[in-house]
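Remarks on the structure that follows.
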Amino acid sequence: MATPLSHTSPSALMTVAVVGLGTMGTGITEILTRAGREVVGIDISEATTVKAVAALESSTARAVVRGRLTEQERADLLARFRTSTDLRAAADADLVIEVAPESYEIKHQIFRALDDIVRPETILATGTNALSVTRLAADSARPERVLGLHFFNPAPAMKLVEVVSSVLTAPQAVAAVTDLAIELGKEPVAVGDRPGFVADGLLFGYLNQAAAMYEAKYASREDIDAAMRLGCGLPMGPLALLDLIGIDTARTVLEAMYSESRDRLHAPAPVLKQLSEAGLTGRKSGRGFYSYEAPGSATVVADALTPLSGASETPGRTVRSVGVAGSGTMASGIAEVFAKAGYEVVLAARSEEKSQIAKARIGKSLARSVDKGRLTAEAAAQTLDRITAAGSYDAFADVDLAVEAVAEDLEIKRQLFATLDKVCKPGAVLATTTSSLPVVACARATSRPQDVIGMHFFNPAPAMKLVEVVRTVLTADDVHSTVREVCVKIKKHAVDCGDRAGFIVNALLFPYLNNAIKMVQEHYASLDDIDAAMKLGGGYPMGPFELLDVVGLDVSLAIEKVLHREFRDPGLAPAPLLEHLVAAGCLGRKTGRGFREYARR
């Protein structure tokens, strides 16, 4: 026997009730009215309904000023919206979208009440991002018509909508709301029912780890946020994003995720509970990880944790000349950065030929900058003249700072540092660009571990603004000051962190990538849907699988193994699918096949 939903079509969803008129509900209301739907907004608070009407009047007035709506279109749009404090106002709706507070009890009461109000064929959608859609459906009189419809904040601007099915949901209901989402100008992604779905499922694990990193005093809140913005191109740092989302909301989502996954990466960091219970829930309360001008304000103000600006108490050493060890892309990129900043650079490799090839690569990079108008031909020529190619590390005898950028192999790096110890003059600073290996192991290969520090540049070095400055327990204060001063001169943003696997960026980035692989491995969502979800819902410049194929699956696996070995957390164990692809030689773009296939050049 066909369900009542079998005749549902997108055109039938013309009247929509939105239950809950907070920020999200008001945003969804705007989208629906703009798309020609009749909308009834329902909230238990009269003041909230008045506020929602005012918000719609204000946003549409701005649209008229900008020429996006005519006065008549605005009048028609506003006429399609009415409000009520009585749930019975949803009686004629074809679709009800519930966006009440993230409480199962509240949502359960709403859904049970709607059973007695709406027509049998009316679709009931919950906007939850953390609670079980299946549980809400099972408690409904008609579970086949219940599904999840997860919009992202701000709803009018964010393109992603996750359409969440339970095992009880009728395919016709999914098809109807999917078509509606497309009509609304959104990009729907079909997902199953698990806490966080795709976007938040990946996002909140990452945010939780960032909170734990801050709580452990591994790095400052400013450095953690700057590292992820500049190192990964994210629109916001994780701690600032937690303040925007609401620390109490994040804790609720993580509790729901942990109750299902039992993955320690989802167990809320204690600092989230402490801040929530103190009422420090982020922007909405005026204080969270940061302090704000007023509750609801986006303007950060200085507080007791704000770092003091100005010079370091310990003066650094004088650096006039720099040695760069290596002949790969990273080494040539770092040499270019120093030469552009006016330093005399010695670029040394294991042979004269390799160092000359690396210098020629720099010449091509500078020529591209000239072609794009970023550099004059004269400045490019002067920059290249400052670089001396050498076939032996003996050429580092007079440098003030030596930076190694050789293979990411601890034994190779230790041998190189033993060589640098012999050839570099006393007082020279010795730096490693390692992204995952222990800096102290390089330091212990020398007779002067106090002079050794990590300077982790990001690829491509000339373009990427971030440098992670990694102190070991043996690094001298003036060595740290020296590197910080040098970073200012080469126009890089330095962030401080300790000597542990992954530093800031990789320690937060790679567990997120690993969790994305697990979603595909478990057939929860497709590569394309996950990539779309993170770009459209999280503002990521690349989806996780695009990024993995660019970085290289072998490189990614090596970093995952280092993180797992260091932190001993089962949740950090590399996903078997990643190991299988690497074993098969599918390493990403460089081999023509990784998670996707690429045209051979």
Side-chain angles (χ1 to χ4, degrees), residues 24 99-107 126-136 148 150 152-153 162 164 191-216 218 221 224-225 228 234 236-285 288-290 507-516 518-519 522 524-525 530 533-534 537-538 540 544 563 567 569-572:
M24 181 62 81
V99 273
E102 232 12 28
S103 156
Y104 179 75
E105 287 68 29
I106 293 171
K107 293 180 187 293
T126 173
T128 185
N129 66 340
L131 303 177
S132 170
V133 175
T134 306
R135 189 174 165 195
L136 286 169
H150 180 212
F152 288 75
N153 211 2
E162 290 177 318
V164 188
V191 295
D193 182 24
R194 63 191 254 181
F197 314 128
V198 171
D200 286 352
L202 293 176
L203 178 66
F204 278 87
Y206 149 70
L207 295 177
N208 192 40
Q209 287 180 280
M213 180 181 279
Y214 169 74
E215 186 173 20
Y218 175 67
R221 60 192 180 179
I224 291 170
D225 280 355
M228 298 313 290
L234 300 180
M236 290 182 82
L239 303 179
L241 183 53
L242 279 163
D243 275 357
L244 175 62
I245 291 166
I247 291 164
D248 51 342
T249 302
R251 183 183 163 208
T252 301
V253 174
L254 286 163
E255 289 283 11
M257 289 172 65
Y258 179 70
S259 68
E260 179 160 313
S261 72
R262 296 295 167 188
D263 186 333
R264 275 168 50 194
L265 298 179
H266 299 151
V271 69
L272 298 177
K273 179 182 180 183
Q274 293 155 18
L275 290 170
S276 295
E277 293 186 348
L280 308 178
T281 53
R283 283 192 193 180
K284 59 189 173 186
S285 71
F289 286 99
Y290 295 90
L508 294 177
L509 175 64
F510 280 88
Y512 148 78
L513 295 174
N514 200 41
N515 284 335
K518 289 176 185 174
M519 280 188 175
E522 293 161 9
Y524 175 64
I530 294 172
M534 296 319 295
Y540 282 62
L563 291 171
F567 297 108
D569 191 319
L572 293 175

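Please read all numbers here as calculations on a predicted model, not as lab measurements.
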So Leu265 and Gln209, do their side chains get closer than 4.5 Å, heavy atoms only? yes

Distance, nearest 0.5 Å, that separates CG of Asp225 from OH of Tyr214: 10.5 Å

If you round to the nearest 0.5 Å, how far is NZ of Lys284 from CD1 of Ile247? 9.0 Å

What distance do Leu202 atom CG and Met519 atom CE have between them, rounded to the nearest 0.5 Å? 4.0 Å

Does Phe197 have Arg194 sitting over its ring (NZ/CZ under 6.0 Å from centre, angle to axis within 45°)? no

Can you tell me how far apart CG (Leu572) and CG (Leu563) are? Round to the nearest 0.5 Å. 6.5 Å

For the pair Glu102 (side chain) and Asn129 (backbone), establish whether a donor and an acceptor sit closer than 3.5 Å, ignoring hydrogens and angles. yes

Side chains of Ile224 and Leu508: does their closest heavy-atom pair fall under 4.5 Å? yes

Anything under 3.5 Å between a donor and an acceptor, one on a side chain of residues 236-246, the other on a protein residue two or more places apart or in another chain? List them.
unit_1: Asp243; atom_1: OD1; unit_2: Phe289; atom_2: N; d: 2.9
unit_1: Asp243; atom_1: OD2; unit_2: Phe289; atom_2: N; d: 3.2
unit_1: Asp243; atom_1: OD2; unit_2: Tyr290; atom_2: N; d: 3.0
unit_1: Asp243; atom_1: OD2; unit_2: Tyr292; atom_2: OH; d: 2.7

Looking only at heavy atoms, the pair that brings Leu254 and Pro268 closest together is CB-CG, 3.7 Å

Say you draw a straight line from OH of Tyr104 to CZ of Arg135; how long is it, rounded to the nearest 0.5 Å? 4.5 Å

Sorted by chain and residue number, the ring-ring contact (aromatic ring centres under 6.0 Å, His included) partners of Tyr512 (sequence neighbours excluded) come out as Tyr540

For Pro570 and Arg264, work out which heavy atoms get closest and say how close. CD-NH1, 4.0 Å

Got a second to check how far Asp200's CG is from His150's NE2, nearest 0.5 Å? 4.5 Å

Closest non-hydrogen atom pair between Thr128 and Lys107, with its separation: CB-CE, 4.0 Å

Using every non-hydrogen atom in the two residues, find where Ala269 and Ala211 come nearest and quote the distance to one decimal. CB-CB, 4.1 Å

Considering all heavy atoms, the nearest Asn208-Ala267 contact: ND2-O, 2.9 Å

If you look only at distance, which donor and acceptor atoms sit under 3.5 Å apart when one is on a side chain in residues 271-279 and the other is two or more places apart or in another chain?
unit_1: Ser276; atom_1: OG; unit_2: Leu272; atom_2: O; d: 2.8

Taking every heavy atom of Pro544 against every heavy atom of Ile530, the minimum-distance pair comes out as CG-CG2, 3.7 Å

Do the non-hydrogen side-chain atoms of Tyr524 and Lys518 ever get within less than 4.5 Å of each other? no

